[in-house]
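Along the sequence shown, residues are numbered consecutively beginning with 1. Note: hydrogens, waters and symmetry copies are ignored here, and every other heavy atom, side chains too, is used.
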Amino acid sequence: MSRTRAQSFDDLVLEAVEAVERSVSDGRFSDTRLEGVEFAVEDVPGEVTGYDTDVLEDRDVPLARLLPAQSGSVGPKPRIIVYRRPLELRAHGSEELSALIRSVVVEQVANLLNVRPEEIDPDL
């Protein structure tokens with residue numbers, strides 16, 4: 001069965017998220033710190049007039065965005081959005097794309113947990 005580029009990208013994001021979840025749940029962090037975090041893939045970032053620290057960007061092009069949880073238990077859960085096209089354009093081959101996606105996911109999770117990325121993935 002043939003997979004589209006978007007489906008293959010989704011698979012790479014899922015692999016990165018699973019690796020980060022394993023790393024976070026290895027005892028260094030509370031097991032519940034990623035509970036309820038949603039991960040999403042969008043083709044390109046939407047129209048935004050300015051970016052804050054919630055956006056990971058490269059040369060003013062957003063690669064991913066962290067939407068933190070709203071205060072209160074009924075508000076939306078934290079959400080990390082990975083932008084497919086900007087990442088694909090920066091990678092040369094599937095191995096480089098996989099490494100870039102993992103790096104972006106780690107950066108955003110570290111931002112969410114308020115830790116250094118190296119605490120989640122020492123290989124960065």
Side-chain angles (χ1 to χ4, degrees):
M1 178 181 264
S2 179
R3 305 211 22 95
T4 66
R5 285 175 58 175
Q7 289 170 326
S8 296
F9 187 91
D10 291 349
D11 290 344
L12 292 174
V13 171
L14 183 58
E15 288 172 18
V17 169
E18 288 172 347
V20 167
E21 286 175 337
R22 282 191 303 274
S23 178
V24 169
S25 68
D26 74 355
R28 292 177 290 162
F29 302 97
S30 166
D31 286 346
T32 61
R33 293 189 73 184
L34 284 183
E35 189 173 291
V37 175
E38 295 179 6
F39 292 87
V41 173
E42 293 182 7
D43 284 338
V44 295
E47 189 71 31
V48 177
T49 56
Y51 297 111
D52 201 358
T53 59
D54 63 332
V55 176
L56 179 63
E57 58 188 335
D58 175 34
R59 294 172 285 189
D60 296 327
V61 176
L63 304 178
R65 183 171 200 167
L66 166 63
L67 301 172
Q70 300 299 315
S71 53
S73 60
V74 294
K77 301 288 185 190
R79 187 170 196 211
I80 293 174
I81 303 166
V82 179
Y83 299 118
R84 182 176 67 87
R85 292 293 298 145
L87 290 171
E88 286 178 334
L89 291 172
R90 280 160 180 72
H92 299 85
S94 61
E95 286 183 31
E96 190 174 320
L97 180 59
S98 178
L100 183 57
I101 290 169
R102 183 174 174 131
S103 174
V104 165
V105 169
V106 167
E107 289 273 347
Q108 292 300 70
V109 169
N111 191 12
L112 174 68
L113 300 179
N114 200 27
V115 299
R116 292 184 343 268
E118 297 80 19
E119 292 181 59
I120 294 172
D121 188 344
D123 295 329
L124 288 182

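Between S103 and P117 there is no side-chain heavy-atom pair separated by less than 4.5 Å. At a threshold of 4.5 Å between non-hydrogen side-chain atoms, the residues Y83 and V61 do not count as touching. In this structure, R85 and R5 have side chains that are in contact, with non-hydrogen atoms separated by less than 4.5 Å. Between V82 and L63 there is no side-chain heavy-atom pair separated by less than 4.5 Å. With a 4.5 Å cut-off on side-chain heavy atoms, V109 and F39 count as touching. Contact check for I80 versus R65: no side-chain heavy atoms found under the 4.5 Å cut-off. Using a 4.5 Å cut-off on side-chain heavy atoms (C-beta onward), L87 and I101 make contact. Residues I81 and V41 are not in side-chain contact: their nearest non-hydrogen atoms beyond the backbone lie 4.5 Å or more apart.
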side-chain contact (heavy atoms from CB on, under 4.5 Å) assessment of I120 paired with V20 = CA-CA 7 Å; I120 294 172; V20 167; 4.0 Å; yes
key: Residues V37, K77; criterion side-chain contact (heavy atoms from CB on, under 4.5 Å); working and verdict   = CA-CA 6 Å; V37 175; K77 301 288 185 190; over 6 Å; no
request  = Report the C-alpha distance between D43 and R84 in whole Å, list the side-chain angles of each, state the deciding distance to 0.1 Å, and finish with yes or no for salt bridge (charged side-chain N to carboxylate O under 4.0 Å, His left out).
outcome  = CA-CA 5 Å; D43 284 338; R84 182 176 67 87; 2.9 Å; yes
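Between A40 and R79, the shortest heavy-atom contact is CB-NH2, 3.2 Å.
Atoms OG and CZ, on S94 and F9 in that order, are 13.0 Å from each other to the nearest 0.5 Å. Between L12 atom CG and Q7 atom CD the span is 12.5 Å, to the nearest 0.5 Å.
Using a distance-only test at 3.5 Å, with no hydrogens or angles considered, no donor-acceptor pair links the side chain of S23 to the main chain of A19. Side chain of Q108 to main chain of V105: no donor-acceptor pair is present (N/O by atom type, distance under 3.5 Å, no hydrogens or angles).
By the neighbour-count criterion of 12 heavy atoms within 6.0 Å, atom CD of E95 is sparsely surrounded, having that number or fewer from other residues, nucleotides or ligands.
The residues R102 and D123 are annotated as not salt-bridged, no charged nitrogen and carboxylate oxygen being separated by less than 4.0 angstrom.
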